Structure formats: C-alpha cells, structure tokens
Amino acid sequence: MTKALVLQSDFGISDGAVSAMHGVAYSVSQELSIFDLTHDIPPFNIWEASYRLWQTMTYWKEGTVFVSVVDPGVGSTRKSVGVKTGSGHYVITPDNGTLTHIARTEGIEAIREIDESINRLPKSGESYTFHGRDIYAYTGARLASGIITFEGVGPELDPDSFVKLNVKEPVLENGKTVRGIIDILDIRFGNLWTNIPRTLFKQTAVEYGDTLDVRILHDGRELYHNAMTFGRSFADTHKGEPLVYINSLDNLGVAINQGSFAKAYDIRTGSNWEIVLEQK
Amino acid sequence: MTKALVLQSDFGISDGAVSAMHGVAYSVSQELSIFDLTHDIPPFNIWEASYRLWQTMTYWKEGTVFVSVVDPGVGSTRKSVGVKTGSGHYVITPDNGTLTHIARTEGIEAIREIDESINRLPKSGESYTFHGRDIYAYTGARLASGIITFEGVGPELDPDSFVKLNVKEPVLENGKTVRGIIDILDIRFGNLWTNIPRTLFKQTAVEYGDTLDVRILHDGRELYHNAMTFGRSFADTHKGEPLVYINSLDNLGVAINQGSFAKAYDIRTGSNWEIVLEQK
Amino acid sequence: MTKALVLQSDFGISDGAVSAMHGVAYSVSQELSIFDLTHDIPPFNIWEASYRLWQTMTYWKEGTVFVSVVDPGVGSTRKSVGVKTGSGHYVITPDNGTLTHIARTEGIEAIREIDESINRLPKSGESYTFHGRDIYAYTGARLASGIITFEGVGPELDPDSFVKLNVKEPVLENGKTVRGIIDILDIRFGNLWTNIPRTLFKQTAVEYGDTLDVRILHDGRELYHNAMTFGRSFADTHKGEPLVYINSLDNLGVAINQGSFAKAYDIRTGSNWEIVLEQK
C-alpha cells in the first residue's frame with residue numbers, strides 16, 4: 001500500500017519548481033497521495049524547516065514520507081539522507097540540521113545515505129542545483145510508493161551521525177521562574193511560540209487566571225516587561241490584551257488577542273531572544 | 001462512497017497549521033480527496049470567509065464537506081456546528097456568522113452542534129487554541145469519509161438559530177437607479193464586486209453598450225463619480241478604461257480593463273461603501 | 001485510465017477562483033488527480049505563463065492535461081484551444097502566446113478549437129469573464145478523465161496557426177562570446193535565468209572554474225560589468241560571491257550565492273535585457 005508523500009521547501013509557489021517536484025513524484029507512481037507542508041520556509045532557513053517538520057509530523061499517519069528541501073549547500077559535500085524516526089515516519093532531506101527538532105522528540109531510528117547512482121531522476125543531466133526535483137522528490141516518491149524499501153535508499157550510516165543545530169534548553173529556577181527562548185513565530189497572527197513545554201511550566205504553582213511577570217530580552221537587553229494573564233485561550237482576555245497561553249504544540253505562547261505581538265514589539269526568533277516568566 | 005473535503009481558514013500557508021489539518025484528515029481516511037478553498041482569508045474576517053464559501057460551494061458536487069475556520073472566538077462559548085445546506089452540501093464551522101451568505105441563497109436545512117466528547121482528535125490534549133485541527137478538520141474528515149453520518153455530528157439545533165452577520169440589501173429605485181454596496185474585492189485584479197444581482201439590474205432598461213452614471217460613496221461621502229460603459233467583458237473596452245460588467249457570480253462588477261479599480265481610487269468593502277448606478 | 005490535470009493561472013490563491021475551478025473539475029470526475037502548477041503568474045503576463053509551462057511539462061507523465069488561464073483577452077475574439085504537444089502532453093488555453101516556449105522545444109502536433117456548444121459548464125449562464133472555470137477547467141477535466149477524446153475538444157485547426165510571442169535567439173560570436181537575454185527570474189532566490197543553453201555555451205572552451213567577463217545591458221545601456229566564476233553549483237563560491245552556473249533547465253544562470261542578484265542590481269526580464277558572457 002502506498003504512503004502519503006508530504007513536500008516542504010523554501011522554493012515558494014510562484015514559479016514552476018514545486019510543480020516539477022509534483023510531476024516527478026506523480027510520474028513515479030500515480031497512486032501516491034501528494035501533499036505540501038509549506039514551501040514558504042524563508043530561503044536557507046534550516047531552523048524553521050526543522051521546526052515545521054516537528055510541528056506537523058505526528059499528525060500524519062505512521063509511514064508517511066516527508067521530503068524537506070532547504071538546501072543552501074546544494075552541490076557541496078553535505079550528505080543526502082533518508083531517515084526513519086522513532087515515531088515511524090520517514091524524512092528525505094539534505095543532512096544539514098533539518099532533523100534537529102524531530103530527533104529531540106521522536107528520536108532517529110536509522111539513517112541511510114541516498115545512493116544517487118540508483119535514486120536519481122534518469123534524465124536529470126548536468127544540473128547540479130535542483131536536487132529537490134532530481135533526488136529528493138524522486139527518492140521520496142519511490143519510498144512512499146513501495147518501489148524501494150527503506151533499505152533501498154542507500155547504505156546505512158551511524159544513526160547519531162547527522163548534523164544537529166544548536167538548541168538552548170528551557171529551565172525552571174527556584175520553582176517559580178521559567179526561562180526559555182522565542183523558538184518561532186505563529187507567522188500569520190504574530191504570536192510568539194516559546195520552547196517552554198507545558199509540562200515544565202506546570203511545575204510552578206501557576207494556574208489559569210493567574211498573573212505573570214513577563215520579560216523579553218534580546219542579547220541580554222530587556223525589550224519588554226509587563227504583567228500578563230495566563231489564560232486558556234484568547235477568549236479569556238479582552239481584544240488587544242496580551243496573554244500567556246498553551247499553544248497547539250503544548251508549549252507556552254505569548255499573544256495579543258486579535259493583534260500581532262511580534263509586530264507590536266518587533267520581536268524575532270532564535271537563541272538570543274530570551275523570555276523569562278515569573279509568578280507574581 | 002467518500003465525499004470531497006474542502007478546507008478554508010485564515011491561517012496562511014507559511015507555517016505548519018494547514019498541513020497539520022491535512023494530516024489529521026488523511027489519518028482519518030486515506031480515501032478522502034482533500035482540497036483547499038483558500039487559507040488566505042484576512043485574519044478574523046468572518047465576512048470574507050462567508051463570502052468565499054458562497055462563491056465556490058455550488059461548483060462542488062452535492063455532499064461535499066466544507067471546513068471553514070475563521071475563529072476569533074476560539075475557546076469562548078461560541079458553538080461549533082455542522083450544517084446541511086439547501087444545496088446538499090455540508091459545512092463544519094464555528095457558529096460566528098460564517099454561514100451568512102450561504103444561508104441567504106441556498107438555505108440551511110439542518111444544524112447540529114458538534115459533540116466534542118466524540119468528535120475531537122483523541123490526542124489533542126490541553127490545547128484550547130487550535131480547534132481547526134483538533135475538532136473541525138477531524139469532524140469534517142469523519143463526515144466526508146462516512147465514518148459518521150450527519151446525525152453523528154451531534155445534537156440537532158433549531159435550523160434558524162445560527163449567527164447571521166448584518167446584510168444590506170440592494171434596491172431598485174423608480175425603475176432606473178440601482179443602489180447596493182461593495183461586497184468584496186476580486187483581490188488579484190482589483191475589481192469591485194457589488195451585491196447587486198444581474199436579475200435586479202435587468203429590471204432597468206439598460207443594455208450592453210449603454211452608458212451608466214456611477215457613484216461610489218463611503219459613509220455617505222462621494223468618492224467617485226463618472227460615466228462608464230456596461231460591457232459584456234473587459235474586451236469591450238480599451239485598456240485602462242472603466243466598465244460595469246456581470247461578474248462570475250452573476251452580480252454587477254466594476255473594473256478598469258487591465259488596471260486595479262480598488263487601488264486607483266482606494267476603494268474598500270463593507271456596508272458603508274455604497275455604489276449607485278443610473279441609466280443616462 | 002484518467003490522466004493528471006494540472007492548473008495554472010494568474011488568479012492568485014487568496015479568493016475562491018481557483019477553488020471554483022477545482023470544484024468544476026472534481027464534479028466532472030471524482031477519479032481525477034488535480035494539481036496546481038502555480039496561480040501566481042503576474043496578472044496578464046502571458047510570457048511567464050508560457051515559460052512556466054515549459055519549465056515543468058516534461059517532468060509530468062505523457063498524457064497529462066495542462067490548463068493555463070492567463071487571459072487578458074477574455075470575452076474578445078481570441079480563440080480557445082486544446083493542443084497536443086510533440087511530447088505527448090495536452091494544453092487547454094486561450095490562444096494568446098501561451099504556447100510559445102513549448103512549441104519551440106517540444107513542437108505542436110495538433111490544435112483544436114474548443115467547441116463551446118459542448119465543452120462549456122452547463123449552468124455558467126450570462127458571465128463572460130470567467131472562462132477559466134466555465135470552459136478551460138471544464139474541458140480540461142473532461143479530456144483528462146476520458147469523457148471526451150482529443151477529437152472531442154472541437155474542430156481541428158492548422159497546427160501552425162497559433163499565436164507566437166516574439167523570441168530573441170541566443171548567439172555565439174567568434175567562438176568565445178555568447179549573447180542572450182534574461183528570460184525570467186528564479187523568483188524566490190533572485191537568480192537570473194538566461195535563454196542561453198548549455199549546449200551552445202559548451203561550444204566555447206570554457207570549463208568549470210574558469211573566469212568569465214559578464215555584462216548586462218538594458219536597452220543597450222550597460223548596467224553591470226564584472227568577472228565571475230563558472231561554477232558547478234553555489235557551493236563552488238563563497239557566500240555573497242556571484243557565479244555563472246547551469247540551471248535546472250540546462251540554461252545559463254547568474255546568481256549571488258545566498259543573495260539576490262536581481263535585487264542587488266535591479267535586473268528585470270525580457271528581450272531588452274541583454275547578457276554577454278566572454279571567456280577571459
């Protein structure tokens with residue numbers, strides 16, 4: 001039985017790149033269910049590619065094959081790999097850090113290096129710049145359709161040998177202060193998504209309705225300092241009011257009800273954007 | 001036999017939200033045909049969500065299940081409902097006005113409140129902010145795939161009890177003047193789409209090729225006043241010339257041939273944007 | 001057996017237009033595999049529509065039906081046609097130049113004018129402005145699903161009678177200078193894609209690693225003049241360095257590694273944007 005094939009890239013959808021990948025996959029097998037995760041990863045942003053895989057993967061059936069192509073090193077010596085995760089999903093990707101988030105939560109069960117002598121689109125000729133079409137979509141479609149097994153991807157590698165991006169862990173201090181980073185934005189609504197899990201936060205005595213003291217620092221410099229309610233959802237606050245809430249990935253989020261927190265205070269993401277929450 | 005599932009939201013397609021909904025739906029049934037209406041509804045704009053449903057629904061096969069998630073009240077007491085329309089389509093949506101346009105033209109045959117004790121993604125835990133994934137996509141996929149019948153959505157409600165947005169009706173005055181509002185924009189091309197149906201307009205004596213006197217008012221203040229041809233299509237005018245035409249929803253539209261009327265005169269939409277057309 | 005249906009337009013994906021086309025196609029046959037090439041062709045840009053078809057078509061299985069709707073002349077006397085290409089693919093399109101690129105590389109085997117008395121959505125009434133939905137998607141879906149054969153599209157036309165856009169051919173001068181145009185942008189990354197094929201360029205003695213003298217002229221006026229490496233891929237240069245490379249369509253491209261060449265020097269596309277490369 002065929003598996004779903006889910007494609008992600010930083011190619012955008014304004015030209016023909018994504019459609020060429022769809023065409024390659026469909027030509028491999030007309031039985032495949034082909035989906036797009038997003039193609040709007042900011043160019044070369046491996047961190048965000050890694051995050052989006054993690055954000056969505058476990059909502060897909062076991063066995064689903066993800067192809068992720070954010071590949072600033074195309075044509076270099078970076079490896080092309082196929083991975084089986086602890087959750088039973090597959091990822092076809094350049095080995096450049098894209099596996100960072102998934103590896104932390106689901107684990108990597110096995111890695112194989114793509115054998116390009118077999119798993120490369122036959123007519124892909126002398127182009128060295130579009131592995132998304134010529135190698136990744138092609139190999140992903142062959143795996144999802146059952147034309148090759150996972151073993152058929154290529155020779156096995158040490159499952160811990162993949163490239164990991166630097167991750168800063170959240171911490172709980174003296175039972176009432178949590179400290180983490182702004183991991184990513186909920187782009188459309190401008191909400192901040194932190195790397196602080198609900199399970200860590202719940203070790204404080206904070207309950208829904210309580211007020212928190214919230215500080216945001218960029219490179220150690222304080223940019224925001226205010227009191228906020230810890231609410232179940234936006235509906236617990238007035239329009240325009242800020243709140244702390246549990247987001248859809250079970251981490252702490254910070255929002256302005258029907259406004260953009262990120263725009264209001266010009267907040268961005270990464271390990272130099274720290275957030276500190278303290279029970280008042 | 002499975003039905004098509006068509007998803008709409010204000011989530012954008014730049015992050016993983018839509019893909020998580022796809023994954024939930026596909027996990028419910030691998031036989032489903034999953035489509036996207038649009039995910040580019042402006043954040044919290046219920047009016048536009050209602051309009052886009054109406055714009056597209058009748059071009060889909062009877063029985064098609066639409067999931068529409070523009071949900072500023074997520075987590076509040078607003079109801080989650082499943083609806084059967086007079087045209088034989090289904091809509092899964094928060095009950096917040098999203099049904100306004102469809103109800104006027106197709107009618108609402110039956111409404112049921114979603115029983116979240118059954119129709120909620122099992123592992124969706126303590127998040128109260130992503131009902132699109134945890135309730136609406138899940139329930140829509142179960143209905144479209146035949147796992148539940150319409151009765152299985154939940155307990156029946158009074159079919160006239162749903163939330164309706166305020167609608168201003170177009171009028172014909174002394175047989176030759178029609179008065180309506182700018183209902184929405186044909187975004188990409190900047191054309192104005194009014195709420196004046198061809199059938200009402202045809203009660204005047206205006207014929208293709210006639211000249212009309214057209215006024216646009218914002219809060220009663222005149223912003224535009226000019227003569228225009230009533231044409232069959234853009235090809236009936238020169239490039240850059242304005243015209244009145246019948247749009248693809250059988251209502252009056254106003255355009256500049258190969259230009260953007262909305263940008264040229266900074267026109268927006270809503271019941272305080274009035275348009276008056278008079279035979280010269 | 002049904003064929004894939006691949007849709008392209010300049011409609012954008014922010015309103016209901018594309019979904020109405022999907023609905024029409026799905027209503028014709030629930031067995032169809034429906035894909036989108038892109039709907040982000042700049043409004044009325046027939047050249048780019050023609051280019052994107054060419055960029056993707058041969059990556060799709062023989063028999064695939066493409067529907068391309070960039071149609072500034074909707075409602076005029078421009079013809080609506082169905083085409084069989086030399087590569088065995090089909091295109092349903094207004095006859096306005098959209099076939100230019102495909103005709104040059106794959107050839108046009110046969111053209112038929114769409115018979116709208118048969119191949120028009122039954123309920124499409126008095127609207128003369130949305131042939132994408134009422135004629136092209138409908139006819140494309142009927143052809144892809146096998147409801148009509150290619151002969152069923154309508155009466156045959158002279159296969160050389162279609163509208164061709166003006167194309168400027170690349171040239172090789174005294175064995176070491178190649179001269180072409182900036183054909184299109186690799187939008188997302190800002191790379192320039194020329195119309196100079198690798199096969200022409202390889203008639204010079206240039207090899208990977210060599211330095212080239214590159215000039216870009218707009219209407220004959222020099223806007224850029226610099227030396228660049230001819231590299232296999234971006235990885236052959238430092239970040240921020242310009243290079244000449246073979247793009248994924250086997251033509252010469254010009255890029256800045258991880259930067260936007262088009263933005264850096266404000267380069268656009270068309271036959272008045274000339275590029276001259278010379279071996280140093």
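By convention in this document, chain letters (A, B, ...) are assigned in the order of the sequence lines, proteins followed by strands, and residues within each chain are numbered from 1. Given the structure is predicted, the values throughout are model-derived calculations rather than measurements.
- The local environment of CG in Asn166(C) is sparse, with at most 12 non-hydrogen atoms from other residues, nucleotides or ligands closer than 6.0 Å.
- Closest approach of Ser19(C) and Thr56(B) over heavy atoms only: CB-CG2, 3.9 Å.
- Neither the backbone nor the side chain of His131(C) comes within less than 4.5 Å of any heavy atom of chain B.
- Heavy atoms of Val74(C) lying under 4.5 Å from chain B belong to its backbone as well as its side chain.
- Between Phe189(B) and Phe11(C), the ring-plane angle classifies as perpendicular under the 30° and 60° cut-offs.
- Taking the side chain as every heavy atom from C-beta outward, Gln30(C) and Ser33(B) never approach each other to under 4.5 Å.
- No part of Arg78(C) comes within reach of chain B, as not one of its non-hydrogen atoms sits under 4.5 angstrom from that chain.
- Chain C forms more heavy-atom pairs under 4.5 Å with one residue of Met57(B), Lys239(B), Gln55(B) than with any other, namely Gln55(B).
- Between Arg232(B) and Thr129(C) the shortest heavy-atom distance is O-CG2, 4.2 Å.
- In this structure the side chain of Phe35(B) reaches within 4.5 angstrom of the side chain of Ile34(C), judged on heavy atoms.
- Nearest heavy-atom pair, Pro72(C) versus Gln258(B), reported as atom, atom and distance to 0.1 Å: CB-NE2, 3.3 Å.
- Interface with chain C: from residues 84-92 of chain B, no residue qualifies, criterion being any non-hydrogen pair under 4.5 Å.
- Shown here is Lys164(C), whose NZ atom has more than 12 heavy atoms of other residues, nucleotides or ligands within 6.0 Å.
- Aromatic ring pairs are classed by plane angle as parallel below 30°, tilted from 30° to 60° and perpendicular above 60°; the pair His22(C) and Trp60(B) is perpendicular.
- Residues Asp40(C) and Arg188(B) come closest through the heavy atom pair OD1-NH1, 2.8 Å.
- Listed here is the closest heavy atom pair of Ser233(B) and Ser76(C): OG-N, 4.5 Å.
- Side-chain contact between Ile13(B) and Ile13(C): present, with at least one pair of heavy atoms (C-beta onward) separated by less than 4.5 Å.
- Across all non-hydrogen atoms, the minimal contact from Tyr26(C) to Lys61(B) is CE2-CD, 4.3 Å.
- Between Met21(C) and Tyr59(B), the closest side-chain pair of non-hydrogen atoms is not below 4.5 Å.
- Remark: Leu212(B) CG is packed, more than 12 non-hydrogen atoms of other residues, nucleotides or ligands lying under 6.0 Å away.
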